[in-house]
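Take a look at the structure below.
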Amino acid sequence: MMNKVMKRRAINSLYALEFNLQKKSIIWWFIVIGALLIIEIALYPLMNMMIGAIPDDVYNDMTDAGLNFSFDSVTDYFILQGVEVLALGGALFLCCFVASCLTRDFRNKQSEFLYSNSLSRTDIIMTKYANVVTMTAIYNVVMLIVELIAMCIVDYKGIVVSPLLAMTLYCLILHLLLVTLIFAIYLFKNKSGLGIAIAVPLLLYFLSIIALSVSQNEVAKFLQYLTPFTPLYDMSIDKPFNVNFIPYIIYVVIAGVLIALGINRFRKKDF
Amino acid sequence: MFAIEVADIKKIYDKSIVGVEKVSFNINYGEIFGFIGPNGAGKSTTIRALMGLVKVDSGLINIEGFDCFKDGDKARENVGYVPSELSFYNSMTVRKYIEFILKQKGRNFERIDELCTYFELNQNRKTGELSLGNKKKLAIVCALACSPKVLIMDEATTGLDPIIQQKFFSMLEQEKKKGTAILLSSHNLNEIQRCCDRVGIIKNGVLVAIKEIGEFKSKLLKHIVFETRSNLLAIHLDGIEDLKVDGCRYEFNFNGNMSYLINLLSSLDLVNLSITDVDLNDEFLRWY
């Protein structure tokens, strides 16, 4: 039997492999999303000036119509404007990362070597899941650092830490739920491409937009529970931790059940 | 305990396509077992089932006493595997790739240099830059570097030049002497006959025959074909097997007294005559 030290070594080498194989892609995604966040934050002084130039009566009409343009600080501005890039951009990147982790070996026939060694299928799949979770954490931490650096340069006095941390936390939860969901879906499939990994986060994102736009309608309000994006939009700078957690709870259950079924299916299927 | 034990396995794909059915064989330690059959006969399905990549519908399939699917990680622990289709992580160097596979096996790196030198494989090249022959060499080195007790090789010599093939068979002989059980699937019947102890012939998913290679050598079986103008009603001679008569053409295998046969043939008005050794090619073609 392979001893524990050897098994740890095998798992570690597999864990490192995934990052090495996707190194270039990871760097490009980080550069693109990071650059978008920096541009967004860099536009804060200009946006602030433009909002200030809007006549009061027009501004009042806009806020009456439900359009929230007001921001008192760069943090406030970023929470309103930067969330799409951070949440949706990250969701697309991470879901593609998951899809690549799980399909590449089968598409390129490397599975013949990978799955014919001494690690069990469960070990391999859990190692890949650990990769995905680590990448999700790295993404959110790196983007938080990028945001903070950009905000320091633009308006360091306007940085309010707790809402930024709350937004990062909600993004992290959202991304973990999405990658788990996508991971589970891809465990059922061997040779699919990136289609599902792109379609699912987009679908859930647009669902959250629809849910927000019909939030006045009691009947349609239930839509907000169908997507894990909604708590991000619930958040306010004053009470950042006071959001509706029900969508998260629903998705924890869905993702948990699906991943258990997915792992069970993956252990039994033919390659 | 057998190194490899396969008993009456069956695998049906998509509810109707027969992968294998009625395949049974055992391989002992220190034995080379050849596995031959045309494309689509079920060789790769059997091998992939042994490697735990495919789950059989019924039957027993064990390596070193462990079920290849349920206890796949234990069954594969001492197995070196060369798949028929090769694909590596292209950005890795040969050395890094072998190290990665050995880590996955829980083995140390002590045989890498020796094997790469033996098979003339440059360790610093990227795997993506390798030719088919060099890819095969890499797969063979990966399989051997883990000092396996069981070697499973699917079309291992395809793409290898004759010199490396010679080295490969010498290496197999050495592994056999060490007590390694070897399953060698190939289309090249000469190489199977040269190095294997036994051979299994698979046809349409069914293992139709298992032959000792020694049989071909010890029986001194001759393949006789002749045509005659004489009106020959029947041939009665001890040692005639598989007689086929097509008009004036007679074809059979013979392991009886050659003098009696020559006497019989000399009394006939022969148009032509051919006497050749029966080898694995003839045995194989007999089934098709």
Side-chain angles (χ1 to χ4, degrees), chain A residues 1-28 100-128 131 188 190-191 263-271, chain B residues 11-14 19 44-45 47-57 63 66 68-92 96-109 127-128 135 138-139 142-143 146 148 152 154:
Chain A
M1 278 287 289
M2 188 153 68
N3 64 37
K4 277 185 183 173
V5 176
M6 287 297 193
K7 188 170 177 179
R8 175 57 44 202
R9 193 176 72 147
I11 287 173
N12 286 346
S13 70
L14 185 60
Y15 183 82
L17 174 79
E18 222 41 75
F19 292 118
N20 280 330
L21 291 176
Q22 301 205 52
K23 202 165 43 190
K24 281 184 189 165
S25 148
I26 293 166
I27 291 169
W28 275 113
S100 181
C101 272
L102 287 179
T103 59
R104 183 193 48 244
D105 298 326
F106 297 100
R107 208 172 43 238
N108 301 342
K109 295 265 178 191
Q110 283 132 356
S111 53
E112 292 276 329
F113 278 108
L114 190 58
Y115 291 91
S116 59
N117 289 310
S118 306
L119 285 181
S120 68
R121 289 185 184 192
T122 311
D123 287 334
I124 293 172
I125 226 60
M126 292 317 289
T127 306
K128 284 179 181 272
N131 271 115
F188 286 92
N190 274 352
K191 291 170 184 167
I263 289 173
N264 192 41
R265 168 86 180 87
F266 189 82
R267 285 171 58 208
K268 292 175 183 168
K269 76 175 169 185
D270 293 338
F271 291 158
Chain B
K11 175 69 189 174
I12 308 290
Y13 293 107
D14 300 328
S44 290
T45 298
I47 286 173
R48 299 185 87 244
L50 279 166
M51 295 314 300
L53 299 168
V54 165
K55 186 174 189 270
V56 292
D57 300 329
I63 294 179
F66 293 106
C68 293
F69 202 84
K70 282 182 201 152
D71 298 315
D73 46 341
K74 291 174 192 156
R76 292 188 297 269
E77 188 154 340
N78 295 312
V79 178
Y81 173 49
V82 179
S84 58
E85 286 185 73
L86 301 175
S87 181
F88 307 102
Y89 299 116
N90 291 341
S91 57
M92 277 185 176
K96 288 280 174 203
Y97 189 80
I98 302 169
E99 285 181 359
F100 172 72
I101 293 295
L102 290 176
K103 282 179 188 168
Q104 296 302 301
K105 289 267 178 211
R107 296 293 203 277
N108 55 36
F109 306 152
T127 61
K135 282 183 177 172
L138 173 55
C142 286
C146 64
I152 296 177
D154 197 358

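No experiment lies behind these values; they were computed from the predicted model shown. Protein chains get the first letters and strands the later ones, always in sequence-line order, with residue 1 at the start of each.
Proximity to chain A is absent for every atom of B:A75, based on heavy atoms less than 4.5 angstrom apart. Contacts of A:L21 with chain B are made by side-chain atoms alone, with heavy-atom separations under 4.5 Å and no backbone atom involved. Only the side chain of A:L17 comes within contact range of chain B, with at least one heavy atom under 4.5 Å from a heavy atom of that chain. Contacts of A:D105 with chain B are made by side-chain atoms alone, with heavy-atom separations under 4.5 Å and no backbone atom involved. Heavy atoms closer than 4.5 Å to chain A are found in the side chain of B:Y97, but not in its backbone. Residue B:K70 does not touch chain A at all, counting heavy-atom pairs closer than 4.5 Å.
The most heavy-atom pairs under 4.5 Å with chain A, out of B:L50, B:V54, B:L53, B:N108, come from B:L53. When B:M51, B:K11, B:R48 are compared by the number of non-hydrogen pairs under 4.5 Å with chain A, B:R48 comes out ahead. No other option in A:S120, A:S111, A:A16 has as many heavy-atom pairs under 4.5 Å with chain B as A:S120.
A heavy-atom distance below 4.5 Å is found between the side chains of A:R121 and B:F69.
In terms of heavy atoms, A:R9 sits closest to B:G106 at NH2-C, 4.2 Å. Closest non-hydrogen pair, B:E77 versus A:S118, comes out as CA-OG, 3.6 Å. The nearest pair of heavy atoms linking A:N117 to B:K105 is OD1-CE, 3.1 Å. Taking all atoms of both residues into account, the shortest heavy-atom contact from B:R76 to A:L119 is NH2-O, 3.6 Å. Nearest heavy atoms, B:K103 versus A:S13: CD-CB, 3.5 Å.
Put simply, NZ on A:K7 and CG on B:D73 are 7.0 Å apart, with the number rounded to the nearest 0.5 Å.
Of the possible donor and acceptor atoms, one in the side chain of B:Q104 sits under 3.5 Å from a partner among the backbone N and O of A:A10.
A 6.0 Å sphere centred on NZ of B:K135 holds more than 12 heavy atoms belonging to other residues, nucleotides or ligands.
Of the residues B:Y89, B:Y81, B:F100, B:F88, the one that meets the side chain to side chain contact (heavy atoms under 4.5 Å, CB included) test with A:F113 is B:F88.
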Starting from the C-alpha separation in whole Å, work towards a yes-or-no answer on side chain to side chain contact (heavy atoms under 4.5 Å, CB included) for B:K55 and A:D270. CA-CA 6 Å; B:K55 186 174 189 270; A:D270 293 338; 3.7 Å; yes
